[in-house]
2 protein chains.
Amino acid sequence: MLDDRKKRVLQAIVEEYIKTAEPVSSNAIMNLEGLECSSATIRNEMAELEKMGYLEKPHTSAGRVPSAKGYRYYVDELLQTDKITLDEIKYISDKLETKINELEEITQIASSTISEITHYTTVSIGPSSDIQKIENIKFVLLSSRMMMGVILTDTGLVKETIIKFDEDITENQVQTLSYMFNNKLKGEPITKIDKPLEKYLVEEMRYSVNLIKPIIEQMKKVVEEESIHLEGANRLFELPEFNSLEVAKNFVNILDEKELMADMLNTGFAKDINVYIGEENEKEELKDFSIVTFKHRIGNKDLGTIGIIGPKRMDYAKVISVMKYISKKLNNENKDEE
Amino acid sequence: MLDDRKKRVLQAIVEEYIKTAEPVSSNAIMNLEGLECSSATIRNEMAELEKMGYLEKPHTSAGRVPSAKGYRYYVDELLQTDKITLDEIKYISDKLETKINELEEITQIASSTISEITHYTTVSIGPSSDIQKIENIKFVLLSSRMMMGVILTDTGLVKETIIKFDEDITENQVQTLSYMFNNKLKGEPITKIDKPLEKYLVEEMRYSVNLIKPIIEQMKKVVEEESIHLEGANRLFELPEFNSLEVAKNFVNILDEKELMADMLNTGFAKDINVYIGEENEKEELKDFSIVTFKHRIGNKDLGTIGIIGPKRMDYAKVISVMKYISKKLNNENKDEE
DNA sequence: TTTTAGCACTCTTTTTACTTGATTGCTAAT
DNA sequence: ATTAGCAATCAAGTAAAAAGAGTGCTAAAA
């Protein structure tokens with residue numbers, strides 16, 4: 001265990017480094033609250049913290065930088081999650097009060113708000129398809145060979161897609177299809193829309209394959225589609241660590257690989273807010289970054305997951321404070337919706 | 001006017017510079033076809049071309065680089081638009097033959113194909129809303145206070161949106177609304193969905209404002225929404241000019257400002273393919289880049305506009321060749337759709 | 001025993017000077 | 001009109017030197 005002064009030194013170094021991105025010297029943090037002693041004393045503490053693995057030295061004559069272990073300790077033990085100003089509270093409230101028509105919009109609004117306040121990049125993704133159940137399916141005839149399929153899920157999400165046929169269809173057929181699909185699928189998980197269902201409908205129920213096949217194919221596609229939303233990709237370029245072109249390129253590549261991100265955000269979590277610091281990320285490409293994931297919900301209705309990507313020296317306190325506030329806000333505002 | 005050898009020298013320099021991104025020396029282009037003379041002779045021609053404003057020198061002991069005027073002359077007079085290989089033709093054909101469900105998809109497929117072949121970034125945008133007419137409007141009840149509105153336009157586009165109400169609505173009301181909106185709007189430009197219409201429906205036709213207002217608001221929003229699609233944002237980072245962080249940051253900022261791009265692509269064009277070289281771009285932010293816009297269509301059905309963003313030394317010949325081929329292909333393949 | 005002042009030592013960063021190499025522009029010969 | 005030859009120019013690369021920041025250790029003070 002760390003004694004109180006060591007904790008204070010570690011905290012000061014992490015916070016200073018988050019602010020400046022420069023290795024922190026003993027001079028820089030002396031005389032901070034709780035550290036009213038000489039730089040020599042602090043140097044001694046720093047040397048010990050380094051020996052214990054919480055700090056690192058880029059080279060002999062530089063200051064100290066937190067190690068992954070150091071950040072981890074900071075996040076787990078030292079972090080204060082009320083680092084949010086009145087202005088920020090006002091800003092978030094305003095944003096969340098915008099009139100919302102689709103639940104997906106909440107995720108996007110939350111996502112962009114977080115990006116704006118923290119100045120990091122955010123990625124958001126809807127609730128994963130395996131947990132969603134079908135509440136209602138509708139088909140609408142649009143023109144002689146085209147109809148629209150709409151799925152309403154129990155999480156309040158609406159997924160729609162256009163389906164084209166190679167032959168003309170009638171309003172009557174559409175009605176029958178609506179009725180039949182509803183009957184068959186209401187209450188089932190959306191992943192039920194799949195090949196076996198197609199087979200069943202064609203072979204057992206004797207529906208025309210020309211009709212069923214395009215429907216299943218297209219609906220399956222839309223159901224599986226992860227709609228990934230990115231916010232503030234340019235923000236990270238303001239950070240000094242992005243002065244290395246190496247890192248910058250790396251980052252742009254990460255953003256381009258959407259599956260990677262979707263993967264990240266869908267990994268099973270113990271808690272609603274999870275922090276992955278540098279090397280803790282499973283993916284090699286992410287080891288220079290930290291990621292905080294935030295599964296947000298109203299009541300027990302899963303709305304999706306938001307991921308914040310920033311440098312390892314991300315302002316964890318700010319990020320987590322904002323998330324907690326949004327979470328609270330969502331659940332107060334919308335209590336009546338439950 | 002430039003004499004033949006000057007044209008040849010200018011062309012050689014532009015093409016060499018496009019290939020290498022290094023200032024071109026007199027040595028590098030001598031002995032190319034049509035330039036069988038000494039480097040001294042070429043130096044004389046280069047000096048003259050510089051005096052006329054077609055070339056520039058980064059510094060005394062460097063080779064020459066084309067000026068904006070040089071590129072412009074090259075694009076207008078020297079460019080050959082059949083610079084497309086058999087492999088590329090095959091690749092494009094394959095891509096365009098994918099089964100397509102929505103017209104919007106064509107634009108995206110064309111856009112990504114162009115990006116893949118040229119290695120530049122592309123931005124695409126659907127047809128501008130002022131030219132589209134309403135072919136059909138449908139409303140579908142989703143749940144007691146929620147319905148979906150679907151607009152089918154004459155360009156084959158489908159725009160849909162979710163509309164929420166503060167009070168319960170019945171299947172009957174939805175039917176009436178469907179009928180009425182269709183009656184009123186069929187054949188009208190989609191921009192007709194606007195405040196005045198709301199006013200008319202509420203005040204003259206005596207519809208409930210609680211019903212009409214959310215509909216108009218939401219439909220107006222979805223109609224005005226420009227869906228911008230980006231492809232290959234990371235490709236530009238392979239180019240040597242992106243080794244300057246300055247330029248890289250600038251580029252990421254451009255990508256983030258979607259309105260800027262939409263603006264660019266919607267600016268009135270004389271021709272279907274337009275080239276804007278560096279400073280010719282109206283927006284300050286774009287002066288280090290060149291942009292080629294491509295308005296593509298099937299018959300006279302406007303499908304949208306694709307913009308290619310690349311460095312000033314973009315391979316104009318390749319880009320324009322690909323566009324012309326796609327344009328031809330679209331109109332042959334889909335002739336029967338007309 | 002803990003804290004602190006003092007100072008030599010280390011290593012990066014910045015500065016300066018020097019060398020190399022590519023390319024031009026000019027002159028004079030072809 | 002073309003070309004060979006060569007001095008002049010300037011970026012880019014290399015090496016050495018100086019400056020600066022921060023530590024770690026020692027010995028004295030609290």
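A, B, ... follow the sequence lines: proteins, then strands. Residue 1 opens every chain.
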**Report entry** Nearest listed nucleotide, side chain of A:His59, among C:dC11, D:dT3, D:dT9
**Finding:** C:dC11

Requested in this report: Nearest-nucleotide wise, let me know which of A:Gly63 and B:Arg5 is further upstream toward the 5' end of DNA chain D.
Outcome: B:Arg5

Query raised in the report: Side chains of A:Leu260 and A:Glu285: closer than 4.5 Å at any heavy-atom pair?
Result: yes

Requested in this report: Tell me what A:Asn27 touches on the nucleic acid: a base, only sugar-phosphate, or nothing, going by heavy atoms under 4.0 Å.
Outcome: nothing

Query raised in the report: Counting side-chain heavy atoms from C-beta on, which of C:dA22, D:dT3, D:dG22 comes nearest to A:Ser61?
Result: D:dG22

Report task. Name the residue closer to the 5' end of DNA chain D, choosing between A:Thr60 and B:Ser38 according to the nucleotide with the nearest heavy atom. Result -> B:Ser38

Report task. Could you check how far CG of B:Leu55 sits from P of C:dG25, rounded to whole Å? Result -> 11 Å

Query - Worked verdict on B:Glu279 versus B:Lys312 for salt bridge (charged side-chain N to carboxylate O under 4.0 Å, His left out) - result: CA-CA 9 Å; B:Glu279 298 77 359; B:Lys312 282 205 275 187; 3.2 Å; yes

Report summary line: Checking C:dT4, D:dT2, D:dT3 against the side chain of A:Cys37 (C-beta onward), the nearest is C:dT4

**Report entry** A:Glu45 CD - D:dG22 C1' separation (whole Å)
**Finding:** 18 Å

Requested in this report: Figure out the CZ/P separation between A:Arg43 and D:dC25, and round it to whole Å.
Outcome: 11 Å

Query raised in the report: Would one find more than 12 heavy atoms of other residues, nucleotides or ligands at under 6.0 Å from atom CD of A:Glu238?
Result: yes

Query raised in the report: Is the shortest distance from a Lys or Arg side-chain nitrogen in A:Glu45 or A:Arg5 to a carboxylate oxygen in the other one below 4.0 Å?
Result: yes

**Report entry** Rounded distance in Å - CE (B:Met30) to P (D:dT2)
**Finding:** 16 Å

Report task. Have a look at B:Ser39 and say if it touches a base, only the backbone sugar-phosphate, or nothing, with a 4.0 Å heavy-atom cut-off. Result -> nothing

Report summary line: A:Ile42 atom CD1 is separated from C:dT4 atom C1', nearest whole Å, by 12 Å

Report task. Tell me which nucleotide among D:dG24, D:dT23, D:dA11 gets nearest to the side chain of A:Glu50. Result -> D:dG24

Requested in this report: Find the distance B:Lys51:NZ to C:dC26:C1' and express it as a whole number of Å.
Outcome: 13 Å

Report summary line: Taking C:dT24, D:dT23, D:dT3 as options, the one with an atom nearest any side-chain atom of A:Lys57 is D:dT23

Query raised in the report: Side chains of A:Lys6 and A:Glu48: closer than 4.5 Å at any heavy-atom pair?
Result: yes

Query raised in the report: Between C:dA22 atom P and B:Glu22 atom CD, what is the distance in whole Å?
Result: 12 Å

Report task. For B:Asn44 and C:dT23, give me the distance from atom CG to atom P, rounded to whole Å. Result -> 17 Å

